[in-house]
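Within every chain, numbering begins at 1; the chains are lettered A, B, ... in the order of the sequence lines, protein sequences first and strands thereafter.
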Amino acid sequence: MSRLPKGGLIDRSRSIPFSFDGATLTGHPGDTLASALLANDVRLVGRSFKYHRPRGILSAGSEEPNALVELGEGAARLPNTRATTQELFAGLVATSQNRWPSLKRDILAVNDLMAPFFGAGFYYKTFMWPKRFWESVYEPIIRRAAGLGRLSGLPDPDHYDKGFLHCDLLVIGAGPAGLMAALAAGRAGARVILADEAAQMGGRLLAERLELGGSAGHEWAAGVAAELASLPNVRLMPRTAVTGAYDHGAFGALERVADHLAAARGAPRQIFWRIQSRRAILAGGAIERPIAFANNDRPGIMLAGAVRRYINQYGAAPGARVAVFANSDEGARSVVDLQAAGVEVTALIDARPDAKAPDGVPHFAGALVTNTRGRLGLKSVTIRTASGGVETIAADCLAMSGGWNPNVHLTCHQNARPVWRDDIAAFVAPDGAVPGLVAAGAAAGAFSTHAALQTGLDAAKAALTDLGLKSGKTPLPKAEDAPCDLTPLWHVAGKGRAWLDFQNDVTVKDVKQAHAENFIPVEHLKRYTTLGMATDQGKLSNIAGLAIMAELTGRSIPEVGTTTYRPPYVPVQIAALGAHGEGQGFAPHRQTPSDALSRERGASWLEAGLWHRAAWYPQTGESFWRQSCEREVGWVRNAVGICDVTTLGKIDIQGPDAAAFLDFVYTNTMSTLKPNRVRYGLMLREDGTVMDDGTCARLGAAHFVITTTTAAAGPVMAHLEFVAQVLCPRLDVQMVSVTEQWAQFAIAGPKSRELLNGLLDAQVDNDSFPYMGCGPVSLGGVAARLFRISFSGEHAYELAVPARYGDSLARLLVARADALGGGLYGMEALNVLRIEKGHITHAEIDGRYSAFDISMPRMVAAGKDCIGKAMAARPGMVEPARPQLVGLKPAGVVKHLKAGAIMVEVDGAPVREQIKGHVTSACFSPTLGHPIALAYVAGGVARIGDTIRAVDLLGGVDTLCEIVALPFYDPEGGRLRG
Amino acid sequence: MRYSAFQILKQGLTGNKGWTPVWRNPTPKAEYDVIIIGGGGHGLATAYYLAKNHGLSNIAVLERGYLGGGNVGRNTTIVRANYHLNGNSEFYSHSLKLWEGLEQELNYNAMMSQRGVINLCHSDGQFDFYAERGNRIRAQGDDAELLDREGVKKHAPFLNFSNERFPIRGGLLQRRGGTARHDAVAWGFARGADMRGVDLIQNCEVTGIDITAGRVTGVQTTRGAIRAKRVGMAVAGRSSQVGQMAGLRLPIESHVLQAFVTEGLKPIIPGVITFGVGHFYISQSDKGGLVFGGDIDGYNSYAARGNMPIMEHVMEAGMAMMPALGKARVLRGWGGIVDMTMDGSPIIDKTPVEGLFFNGGWNYGGFKATPASGWCFAHLIATGNHSEHATKLLMNRFATGHVLDEERTGAQPNKH
Amino acid sequence: MHLNCPLCGPRDLREFSYLGAARLMARPDADDQAAMVDYVHYRDNPAGENAELWQHDYGCRAWLHVLRNTVTHEVLSVALARDKALEAEQ
Amino acid sequence: MDKITLTARDAFTGMGLPHAAGTASLHADTPPSLVAIAPFAGQESAVSAELKKLGGGALPAAGHSAPGKAMALWWSGHGQWLALGAELGTLQAALAGKAAVVDQSDGWGGFSITGSVARDVMGRLCPLDTHPGTMPTGHVARSQFAHMMAVIYVLEDGFQVLVMRSFLKTAIEDTKRAIDTLAAEAPIRGR
Ligand SMILES: Cc1cc2nc3c(=O)[nH]c(=O)nc-3n(C[C@H](O)[C@H](O)[C@H](O)COP(=O)(O)OP(=O)(O)OC[C@H]3O[C@@H](n4cnc5c(N)ncnc54)[C@H](O)[C@@H]3O)c2cc1C
Ligand SMILES: NC(=O)c1ccc[n+]([C@@H]2O[C@H](COP(=O)([O-])OP(=O)(O)OC[C@H]3O[C@@H](n4cnc5c(N)ncnc54)[C@H](O)[C@@H]3O)[C@@H](O)[C@H]2O)c1
Ligand SMILES: Cc1cc2nc3c(=O)[nH]c(=O)nc-3n(C[C@H](O)[C@H](O)[C@H](O)COP(=O)(O)O)c2cc1C
Ligand SMILES: [Zn+2]
């Protein structure tokens with residue numbers, strides 16, 4: 001066991017079981033999966049992407065490229081989970097991935113032998129012959145080999161949530177810098193959010209044996225966290241990674257609420273927060289970088305800072321005999337910590353020739369690691385000493401440190417590039433690149449603990465000043481202030497493959513090949529070799545890659561430049577970003593007033609403009625929707641039908657200039673409409689195309705109510721507001737949407753008046769309510785509105801009552817209609833009725849057709865301007881060859897007519913050049929006893945009586961049709977007026 | 001150097017030391033017969049076809065950044081020929097045919113993968129619209145199938161078929177559609193052009209267009225002035241800026257379109273799936289990442305990065321359509337600047353300046369056009385006449401009213 | 001992204017919808033066909049400061065005149081479009 | 001003609017209100033009457049004067065409300081206000097020619113979210129900063145709530161939210177979910 005006898009911030013009093021690849025192991029609360037695996041002597045945890053090389057744990061953070069496992073089973077299986085950040089819980093089940101049949105014996109490890117042929121971009125140069133083999137042979141093989149973990153293919157069974165937070169100051173990272181900043185701002189009374197992706201606040205203070213103000217670093221951190229927790233104006237957010245820096249102070253953040261628990265018990269596993277901040281401080285620390293040398297990817301080779309974290313925070317030794325390789329004092333620091341923990345250190349290999357030796361360890365100044373041995377786990381390292389000698393050092397773990405890269409990620413999310421600093425041989429955050437965001441601590445290149453505290457405090461003070469708050473006194477605790485003493489070392493020259501990007505298997509050789517092939521710009525280097533495109537997004541590999549390209553091209557590292565930093569900072573589950581999109585959650589439902597009644601009547605549903613509308617109402621004995629639909633059509637044509645039309649947009653328009661306003665937005669004239677009358681109206685977009693149609697009712701001299709189609713209600717309202725506020729600000733007009741205020745029902749059919757008069761408090765007749773009349777009525781004492789309008793072509797009304805009475809009215813109407821031999825009808829019947837009558841819907845006015853095309857040129861009134869009029873007069877909009885709306889009925893053998901069929905001349909061919917139009921709407925007309933359709937036909941109005949074909953190539957139906965005038969039904973309109 | 005399995009073997013056995021530059025780094029000459037502004041997919045393809053189809057050789061492509069760094073290098077790689085309107089249909093149809101032979105043509109594996117594109121629909125109205133589109137595609141000579149719900153279920157069983165917010169009514173499937181490896185397309189055309197003598201000049205931003213007496217004479221660049229007899233613009237999202245250098249005002253707005261990729265996963269998604277109601281589309285790259293996107297953010301932008309609301313909308317749509325996506329992690333999101341025209345269709349045309357040609361307005365869909373765009377633009381530049389495949393993609397269509405409004409949403413790009 | 005609505009204060013992008021360039025306020029004379037073609041279809045599309053129209057559609061429903069940098073997304077000013085339109089008339 | 005009666009249907013029928021979990025509760029709270037007032041050009045002070053005569057206050061500024069004896073007035077958008085508790089006919093008579101006066105009593109459904117975590121519930125559904133420093137009691141905001149248009153009024157101990165009637169089912173489902181979620185989180189967060 002590699003669990004150290006003492007130390008660490010784990011709870012040794014409790015043991016928790018977990019499993020890895022089927023083996024049951026135990027760990028302690030406070031462990032991550034990675035620390036628990038190390039404590040159980042598990043070294044081999046994964047396989048690399050391309051060569052399937054055996055891999056171990058490299059880091060102790062979210063940048064981990066190797067230790068990715070599948071977590072959980074069945075639908076809950078989560079691929080690519082970083083063992084280094086997954087907290088241990090009882091019953092955790094982890095499985096290694098991207099290997100077959102087992103982690104130890106992985107068949108695809110042969111790829112490693114083929115490596116000479118699998119260099120950078122090899123796939124662009126082959127697999128081209130024979131042509132058809134790509135989809136059938138090569139690609140399936142490549143696809144199966146590629147990829148890391150497996151999705152279950154089943155719906156994600158867990159809960160996720162999203163939320164909004166607001167603060168004066170967002171502090172990202174709770175190491176010494178972030179804690180200090182949050183403390184200063186919290187004490188000053190600012191609304192502070194302190195977020196850290198780790199479970200515990202403290203950052204490196206948890207991983208190092210440092211003292212702050214005389215107490216252990218982690219104790220100081222715990223003390224500050226406790227004070228912050230007590231302040232009502234501070235929100236502490238552990239387990240929360242800030243993922244992206246967006247415009248104007250907006251940040252995305254992922255809180256892992258229950259990922260550390262065996263069961264979430266109704267809580268979301270994760271919450272994706274949108275944080276709106278006035279100021280922000282990035283105190284995200286730094287990420288240690290590996291050194292590239294031959295076979296630097298063996299299990300057991302680990303970042304030195306991670307080794308210290310495993311020892312100091314988790315009491316887990318990554319090895320029994322550890323060698324250390326570094327280019328700074330991080331090496332000596334690691335040796336001291338290892339020794340303090342009682343771990344044998346077999347050598348300190350320090351690349352700096354002048355490095356001072358610590359006590360009690362074989363020391364090699366000016367030496368380099370040139371190779372390593374051990375297939376499934378490190379056995380030894382080979383070094384070249386300062387004098388050129390070669391030595392082999394036994395070690396099952398190598399702690400390596402190539403220096404630290406400030407965690408600049410978030411500061412570069414708005415296209416800025418980081419700035420190079422020679423003194424620390426690293427890129428630091430650029431100033432002002434994200435307005436309102438500044439970096440502090442190691443993220444700003446302030447590498448000592450004192451400097452972290454100081455820069456954190458300074459950043460907080462500056463933010464407080466910006467926020468108009470006074471900073472109080474917040475003294476700095478005393479802390480180490482060691483200078484950064486580092487000699488840059490990116491790779492060790494020599495034979496063998498030296499890894500840069502561990503997961504994507506990009507080696508120094510690949511960079512050299514990219515250079516040879518002239519993929520020299522960094523972005524080409526990245527794309528050609530895939531360097532930095534793995535799950536760590538180059539956090540560990542990019543800078544070394546650039547450094548090597550710099551060497552090859554004789555340029556400096558900043559001249560080579562970095563690739564683009566993009567959100568998210570750490571990968572985020574789609575389930576969290578898209579929380580509540582699943583199931584019914586993607587968009588709100590809208591219910592009509594007759595919803596309950598329709599449910600009782602067994603309606604079949606369809607959706608329009610988020611509304612759920614009844615499509616038809618099946619009755620016993622009906623097995624097919626058309627049977628129900630035709631029965632409902634018959635009711636309307638012969639008796640009376642009731643249909644909920646509440647969904648149509650209704651806009652109340654009032655004001656001295658209301659009529660003038662309507663004249664401008666409608667193609668036709670509304671100012672001449674008499675009170676208590678309704679007129680059909682057409683609106684164009686400014687490009688001359690029909691936007692919507694509806695009715696306009698004049699309720700008073702300066703009072704109108706217009707209707708829109710269901711789907712266009714929102715857009716038309718916005719359009720009218722635009723015209724009123726922006727184009728015609730002088731017009732004195734006001735509008736209010738009353739769609740929801742009024743429940744409205746169509747009462748259609750020859751018995752509609754009979755039905756109505758059985759309900760209204762005062763009778764109506766052809767004089768009080770002629771066709772296209774409207775006015776107030778009362779029923780049961782409730783003030784209502786009655787419109788004599790008809791979409792069906794029958795004598796019909798629409799009756800509106802305040803929505804609370806909608807359900808009651810619907811029931812009443814239906815009961816009366818039932819008694820008169822009619823009843824409820826749905827959208828399908830409505831559609832048949834309107835096609836028979838030649839009325840258009842958005843199937844016809846689909847956004848491409850003009851008033852001319854829908855055969856309503858006279859709807860565009862002369863002598864006044866209106867929206868869209870000028871553009872509708874462009875030559876291309878009026879030429880005779882444009883499609884025009886006509887009716888079709890089968891000529892000869894009665895065949896199916898299908899919407900979407902294309903129109904072709906009788907002797908023509910169904911090829912693009914000969915298409916004359918298409919069918920927009922089609923149905924079987926129960927009234928006429930044969931199929932009918934509406935269609936656009938080039939120059940159609942002049943061709944009434946011609947025959948033409950409607951060809952549905954998809955369904956293989958070719959129907960000879962006669963072009964007929966619209967409407968099909970009651971062309972004289974006698975039934976309307978009846 | 002000709003690429004082949006044999007070449008890989010040979011190089012592999014000799015330590016991979018013999019690979020040669022995929023293209024040269026020439027210094028700009030003082031004068032070219034043709035200058036193409038923009039080293040994106042279209043610019044590079046244009047140069048390639050100018051050399052290949054029209055025998056021109058004194059050509060330069062000027063690129064402000066690195067070759068293929070624009071939208072060609074950041075798109076969701078969907079290739080299809082399922083357009084509606086005369087003008088677009090024949091153009092994209094031609095393009096798909098060129099895609100089908102591209103690897104052999106370029107001796108570069110662009111990984112054109114014809115695993116099908118399916119557009120899901122959710123209402124009878126949409127179904128009818130797709131029927132019309134399908135019929136028109138078939139009339140053009142391309143493939144299309146209209147699947148009902150059961151058919152979709154067979155094709156993509158992991159979609160949400162129970163408790164769906166927008167029940168799947170059917171889908172329009174084009175089996176010849178698919179994806180291609182975006183970078184390889186740019187690199188393949190670049191390499192092909194370079195091999196035919198075209199000078200590919202990177203880090204060379206055009207800052208001015210020289211015009212004398214209504215005729216183009218050359219360009220000003222960050223690497224000095226270069227004379228040219230003819231100049232073609234293929235700068236996508238930057239069309240308005242470069243156009244302005246020649247006094248052109250364009251029917252174009254530049255918008256940001258975001259896209260996303262997940263961590264690598266074992267194969268799960270066949271071909272391309274689009275979810276119309278949610279403006280969502282997804283495919284899986286050969287590397288295993290799920291590549292997906294949605295609508296443009298909806299405001300003018302040259303920032304090539306977007307904001308959270310659209311990103312979240314895309315993710316929610318993904319969850320609505322494919323709840324199994326929940327366990328996939330988004331690895332990276334990015335943005336590209338797309339050149340949105342007022343009718344959503346592109347422009348390949350002459351300009352009022354003699355010798356200056358315009359190619360742009362590709363909206364969010366110009367990757368699939370890459371080969372045909374290069375083909376037709378080269379034809380126009382070389383001959384002065386429109387190629388038979390692109391006779392209607394004209395600049396003046398907004399004045400004449402012959403607009404090509406595929407999406408039927410009118411002159412407001414963020415509604416397309 | 002945030003816009004500071006003159007009526008509602010600073011609000012999240014998701015409450016707004018975008019129409020296009022603010023020149024859409026200046027509708028030309030309907031008889032001038034060429035000007036109308038330009039008005040409906042042609043845009044300056046600057047890389048830099050852009051005057052544009054937004055609606056606070058989930059908020060107060062006011063149309064807004066916004067001056068915004070299209071390269072940095074910085075918002076320089078937000079005003080009621082109605083006020084701007086009235087100003088322009090003078 | 002026989003005598004008929006229309007009965008009003010409660011907009012929240014079948015939605016399981018009130019609902020409570022943890023320290024938050026949700027109950028139906030539609031104002032007794034709701035009338036939109038949109039003054040015509042230059043009529044705002046005249047409208048205010050009339051409203052005062054009727055026992056209301058002056059039209060409040062954007063974001064504000066004005067309590068009154070006979071009615072409360074809420075600002076509700078660009079050039080629009082809502083009168084709560086006033087009689088439609090009276091308003092129409094008093095404001096004729098001065099403002100569009102439109103009944104909205106059935107157009108919007110209201111509910112209240114109260115309790116010590118009411119603000120957290122809002123934070124799951126609405127992008128507003130509801131901190132009392134920005135939104136004190138009596139404040140009114142138009143905003144987005146669960147992807148819907150909403151009018152939000154700040155109560156002493158929570159929020160009153162109005163959404164359009166047809167959306168109520170989804171609004172209530174989403175709000176309940178947020179309340180339940182917060183309650184389930186409480187033990188994890190040590191509350
Ligand atoms: C996120 C996203 C997803 C997309 N998805 C798809 C899809 O699935 N299918 C599809 O068909 N299309 C898609 N597209 C659209 C497609 O990518 C583009 O339409 C197409 O790539 C544009 O043509 P291009 O390749 O020539 O453009 P680009 O690659 O953008 O080339 C233009 C080049 O011009 C250069 N340039 C600009 N100004 C100058 C100057 N002054 N001097 C010199 N050079 C200059 C630029 O640097 C750039 O390299 C998508 C676009 C984006 C952004
Ligand atoms: N000797 C050296 O060369 C050297 C180099 C670097 C750091 N250090 C030490 O590290 C410490 C630096 O202090 P510090 O406060 O700057 O950093 P830190 O590393 O102590 O803390 C940074 C914290 O930020 C968190 N974090 C990073 N990105 C995040 C994100 N996007 N969202 C949420 N949380 C995020 C991390 O989880 C971590 O806890 C000092 O103690 C210093 O001595 C030393
Ligand atoms: C089809 C496709 C697949 C991609 N796959 C990956 C990937 O696996 N890993 C990665 O880091 N980025 C991937 N990217 C994103 C690129 O890294 C990069 O973000 C994108 O090309 C835009 O460039 P930029 O971010 O440099 O501006 C992919 C991009 C595309 C278009
Ligand atoms: Zn507002």
**Residue pairs involving residues 106-116 of chain B (criterion salt bridge (Lys or Arg N to Asp or Glu O under 4.0 Å); sequence neighbours excluded)** =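 As it turns out, the salt bridge (Lys or Arg N to Asp or Glu O under 4.0 Å) pairs with a partner in residues 106-116 of chain B, which skip direct neighbours, are A:E139-B:R115.
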Measure [X] against the heavy atoms of chain A and call it side chain, backbone, both or neither at under 4.5 Å.
| X | answer |
| --- | --- |
| B:F166 | side chain |
| B:F280 | neither |
| B:Q412 | neither |
| B:V403 | side chain |
| B:D183 | side chain |
| B:N203 | neither |

**Prompt:** Should the pair A:K162-B:E312 be classified as a salt bridge under the 4.0 Å nitrogen-to-oxygen rule?
**Reply:**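 Judged by the 4.0 Å cut-off on N to carboxylate O distance, A:K162 and B:E312 do form a salt bridge.
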**Request:** With sequence neighbours left out, write down each residue that passes ring-ring contact (aromatic ring centres under 6.0 Å, His included) with A:F251, or none if nothing qualifies.
**Result:**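 Here no residue qualifies.
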**Prompt:** Got a sec: does the NE2 of A:H159 have more than 12 other heavy atoms crowding it under 6.0 Å?
**Reply:**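 No - once you tally the heavy atoms of other residues, nucleotides and ligands closer than 6.0 Å, there are 12 at most.
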**Item:** More than 12 heavy atoms from other groups under 6.0 Å of CZ on A:R144
**Value:**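 No.
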**Message:** Just verifying a value: how many Å separate A:T535 OG1 and B:R332 CZ, rounded to the nearest 0.5 Å?
**Reply:**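 Interatomic distance, A:T535 OG1 to B:R332 CZ, rounded to 0.5 Å: 13.0 Å.
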**Prompt:** Less than 4.5 Å apart, any side-chain heavy atom of B:D124 and any of A:M827?
**Reply:**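 Side chain of B:D124 against side chain of A:M827, heavy atoms only: no contact under 4.5 Å found.
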**Message:** Using side-chain heavy atoms (C-beta onward) and a distance below 4.5 Å, is B:L265 in contact with A:P79?
**Reply:**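 Side-chain contact under 4.5 Å: yes.
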Among side-chain atoms of [X] and [Y], is any donor-acceptor pair under 3.5 angstrom?
| X | Y | answer |
| --- | --- | --- |
| B:N86 | A:R912 | yes |
| A:E879 | B:H402 | yes |
| A:Y246 | B:R305 | no |
| B:E263 | A:N80 | yes |

**A:K125 to B:W19 six-membered ring, cation-pi geometry met (6.0 Å, 45°)** =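 Yes, A:K125 and B:W19 form such a contact.
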Using non-hydrogen atoms and a 4.5 Å limit, figure out which bit of [X] sits close to chain B: side chain, backbone, both or neither.
| X | result |
| --- | --- |
| A:M533 | both |
| A:A843 | neither |
| A:P521 | side chain |

**Message:** What verdict does the ring-ring contact (aromatic ring centres under 6.0 Å, His included) test give for B:H313 and A:F586, after you've listed the backbone C-alpha separation in whole Å, the side-chain angles of each residue and the deciding distance to 0.1 Å?
**Reply:** CA-CA 9 Å; B:H313 187 80; A:F586 180 60; 5.4 Å; yes
